[in-house]
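No hydrogens, no waters, no symmetry mates; every other heavy atom, side chains included, goes into these values. All values derive from a computational prediction rather than experimental measurement.
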Amino acid sequence: MGGGIGLARMVAGAIALLAWSAIFSQLAINFGAAPAKGIPLWRVPVDLFGYFTIWSNTLVALVTGWFALGKGAGLLGRPGTLGATVVYIVVVGVIYNTLLVQYNPQVGVRLVIDTVFHTVVPLAYTLWWFVLVPRGRLGWNALLPALIFPTVYSFWAMGKGAVTGKYAYFFIDVGKYGAVTVLVNIAALALLYAVLMAGVIAWDRRGLRGTAAA
């Protein structure tokens with residue numbers, strides 16, 4: 001068991017390093033390009049963190065880094081947080097690679113970073129959680145809390161778009177579609193997250209009988 005946890009911590013550390021490297025590399029590139037585009041420097045992190053991709057990759061970096069340090073307590077160490085992060089990062093990878101990649105062509109270093117964000121980290125984190133994280137620790141009481149993170153992001157992204165005039169995703173563009181349609185879109189996404197989180201919990205608890213929620 002100790003060897004398994006040691007391997008899980010080592011892999012978690014590698015994932016955290018990968019995710020942080022991509023985030024800071026993207027920030028550096030955007031800061032460097034901002035003056036030529038007439039973008040004030042304060043807008044660079046605001047614009048970058050307008051994307052759920054960045055929120056999710058940052059969460060992956062935080063929880064895997066926390067796990068690698070051997071921390072099991074606190075919000076970042078909760079089984080519910082680790083399980084919900086699977087849902088978030090899987091949604092990022094699937095939606096981007098099936099619906100959005102054609103609208104965001106990249107080359108060179110940007111392509112490498114983009115691939116890390118949308119393919120490498122989603123695959124690495126998901127495999128890490130399914131294969132190396134101890135099973136049977138999730139309870140159904142983790143379902144509703146898993147919806148807080150994407151809901152907070154949605155309203156942040158709407159507010160950011162209203163202030164800057166730039167929405168990260170078309171389905172939250174209040175100016176184009178109106179508040180009612182955008183709220184319906186957010187509700188539909190929340191339902192998607194709920195269904196996926198239910199699947200994660202069910203998988204984690206398969207074969208268990210009479211165990212208390214963790």
Side-chain angles (χ1 to χ4, degrees), residues 12 15-16 18-20 22-23 26 47-67 75-76 78-104 106 111 113-133 138 140-161 166-174 177 181-205:
I15 295 172
L18 181 67
W20 282 126
I23 292 165
Q26 188 66 68
D47 285 344
L48 186 61
F49 279 87
Y51 293 94
F52 191 66
T53 293
I54 305 302
W55 278 51
S56 297
N57 274 267
T58 301
L59 184 60
V60 166
L62 288 171
V63 299
T64 52
W66 193 249
F67 191 98
L75 179 61
L76 293 176
R78 290 178 183 173
T81 303
L82 272 66
T85 304
V86 173
V87 172
Y88 309 146
I89 203 67
V90 164
V91 169
V92 164
V94 170
I95 289 183
Y96 182 83
N97 285 293
T98 57
L99 299 178
L100 302 178
V101 66
Q102 60 186 318
Y103 302 110
N104 188 38
Q106 302 287 357
L111 176 60
I113 295 172
D114 200 64
T115 301
V116 170
F117 281 148
H118 298 104
T119 303
V120 178
V121 169
L123 286 174
Y125 182 85
T126 302
L127 287 173
W128 171 77
W129 187 84
F130 275 101
V131 175
L132 295 176
V133 172
L138 273 177
W140 289 103
N141 59 352
L143 180 57
L144 290 181
L147 305 183
I148 295 174
F149 184 82
T151 301
V152 170
Y153 163 76
S154 296
F155 286 100
W156 154 264
M158 287 170 60
K160 178 259 178 188
K166 181 181 178 181
Y167 290 88
Y169 305 106
F170 67 89
F171 49 81
I172 58 171
D173 190 334
V174 178
Y177 295 106
T181 298
V182 168
L183 289 174
V184 169
N185 291 340
I186 291 173
L189 282 173
L191 179 60
L192 172 63
Y193 289 121
V195 170
L196 293 176
M197 186 62 185
V200 165
I201 295 171
W203 185 92
D204 185 69
R205 298 185 63 81

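Using a 4.5 Å heavy-atom threshold, the side chains of Ile54 and Thr58 count as touching. Asp204 is listed as a side-chain neighbour of Trp129, based on a closest heavy-atom distance under 4.5 Å. Side-chain contact between Gln26 and Ile23 is absent, with no heavy-atom pair separated by less than 4.5 Å. With contacts defined as side-chain heavy-atom distances shorter than 4.5 Å, the pair Pro122/Ile89 qualifies. Val63 is listed as a side-chain neighbour of Tyr125, based on a closest heavy-atom distance under 4.5 Å.
For the side chain to side chain contact (heavy atoms under 4.5 Å, CB included) test, residues two or more places apart in sequence or in another chain that qualify with Ser154 are Ile186. In this view, Tyr169 and Tyr51, Phe171 satisfy the ring pair (Phe, Tyr, Trp, His ring centres under 6.0 Å) rule, not counting sequence neighbours. For Val131, the side chain to side chain contact (heavy atoms under 4.5 Å, CB included) test picks out no residue, with sequence neighbours left out. Take Asp47 and apply the salt bridge (charged side-chain N to carboxylate O under 4.0 Å, His left out) test, not counting sequence neighbours, and it matches Arg43, Lys160. Annotation: side chain to side chain contact (heavy atoms under 4.5 Å, CB included) contacts of Ala12 (sequence neighbours excluded): Thr64, Phe67, Ala68, Trp128. With sequence neighbours excluded, no residue satisfies ring pair (Phe, Tyr, Trp, His ring centres under 6.0 Å) with Phe170. For Thr53, the side-chain hydrogen bond (donor to acceptor under 3.5 Å, both in side chains) partners two or more places apart in sequence, or in a different chain, are His118. Under the side chain to side chain contact (heavy atoms under 4.5 Å, CB included) criterion, Leu18 pairs with Val116, Val120, Val121, not counting sequence neighbours.
For the side-chain hydrogen bond (donor to acceptor under 3.5 Å, both in side chains) condition, the pairs that include at least one residue of residues 80-96, sequence neighbours left out, are Tyr96-Asn104, Tyr96-Asp114.
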May I have the list of side-chain donor-acceptor pairs in residues 142-151 shorter than 3.5 Å, sequence neighbours left out?
| from | atom 1 | to | atom 2 | distance (Å) |
| --- | --- | --- | --- | --- |
| Thr151 | OG1 | Leu147 | O | 2.7 |

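Using modelled atom types, one side-chain atom of Asn57 and one backbone atom of Phe117 make a donor-acceptor pair closer than 3.5 Å. Using a distance-only test at 3.5 Å, with no hydrogens or angles considered, a donor-acceptor pair links the side chain of Tyr153 to the main chain of Gly50.
Proximity of the aromatic rings of Trp203 and Phe130 is defined here by a centroid distance below 6.0 angstrom, and this criterion is met.
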